[in-house]
Amino acid sequence: DVQTKRYVSARLILIHGKPGPAGAAIRFGNPAEAASVGHDGQIFLPAQADKRLQLSVDWPTGYCRVDAVLPHNRKPFVDLGTLRCVEETP
């Protein structure tokens, strides 16, 4: 039984239209995995087996959450375009 890895790319933007902060910590998946936001809000992550992408993004002055639906295809690379990261207050 061969399993193919899927990867997701996207650009995170905050509610006011600015890109997600470079270096912000991204937590996702079960079991939990981690990644970082790149330049101009770019992210590149391994996709989980489920159909939803739920991210928690933290940086020194705030945090936000993303909830997106993955397309129903078996392509190994999926570009989700721009995702709005909804900022939350502590």
Side-chain angles (χ1 to χ4, degrees):
D1 188 22
V2 176
Q3 257 189 346
T4 303
K5 277 268 197 185
R6 271 179 101 183
Y7 293 90
V8 173
S9 71
R11 179 174 183 252
L12 294 183
I13 60 165
L14 303 179
I15 197 81
H16 46 71
K18 291 186 179 179
I26 303 170
R27 288 178 188 71
F28 62 98
N30 187 13
E33 294 189 53
S36 296
V37 176
H39 176 72
D40 201 31
Q42 294 295 319
I43 63 169
F44 185 75
L45 316 165
Q48 298 290 314
D50 54 14
K51 303 290 186 238
R52 298 196 79 73
L53 181 66
Q54 295 176 309
L55 309 176
S56 174
V57 183
D58 298 285
W59 61 96
T61 59
Y63 65 98
C64 63
R65 298 200 187 279
V66 173
D67 188 13
V69 177
L70 297 176
H72 297 290
N73 62 40
R74 297 203 172 265
K75 293 181 180 180
F77 179 77
V78 178
D79 183 2
L80 296 177
T82 300
L83 296 176
R84 185 170 303 272
C85 198
V86 179
E87 293 175 75
E88 297 184 357
T89 53

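- A side-chain donor-acceptor contact under 3.5 Å links Arg6 to the backbone of Lys75.
- The structure places OG1 of Thr61 at 8.5 Å from CD of Glu87, a figure rounded to the nearest 0.5 Å.
- Contact of the Val69 side chain with the Leu53 side chain is not registered, since no non-hydrogen atoms from C-beta on lie closer than 4.5 Å.
- In summary, of the residues considered (Thr82, Asp79, Asp40), a side chain to side chain donor-acceptor pair (under 3.5 Å) with Arg11 occurs for Asp40 alone.
- The distance from the CG atom of Leu45 to the CG atom of Leu55 is 6.0 Å, given to the nearest 0.5 Å.
- Val78 has its side chain out of reach of Ser9: every pair of non-hydrogen atoms, C-beta onward, lies at least 4.5 Å apart.
- Looking at heavy atoms from C-beta onward, Val37 lies out of side-chain contact with Gln42 at the 4.5 angstrom threshold.
- Here the side chains of Leu12 and Val66 are in contact, with some heavy-atom distance below 4.5 Å.
- Here the shortest heavy-atom pairing between Glu33 and Pro46 reads OE1-CG, 3.4 Å.
- Between Val86 and Arg65, the closest side-chain pair of non-hydrogen atoms is not below 4.5 Å.
- In this structure, Ile13 and Lys18 have side chains that are not in contact, with every pair of non-hydrogen atoms separated by 4.5 Å or more.
- Leu80 has its side chain within reach of Leu70: a pair of non-hydrogen atoms, C-beta onward, lies under 4.5 Å apart.
- Other members of the cluster containing Phe77 are Tyr7, Phe44, with ILVMFWY side chains joined at under 4.5 Å, either directly or via other members.
- Here the closest heavy-atom approach between residue Gly41 and residue Pro19 is recorded as N-CB, 3.7 Å.
- The line from CG of Leu83 to CD1 of Ile43 is 6.0 Å long, rounded to the nearest 0.5 Å.
- Between Phe28 and Gln54, the closest heavy-atom pair is CB-O, 3.5 Å.
- Within the model, atoms OG of Ser36 and CD1 of Ile26 stand 6.5 Å from one another, a figure rounded to the nearest 0.5 Å.
- The closest side-chain heavy-atom distance from Cys85 to Tyr63 is not below 4.5 Å.
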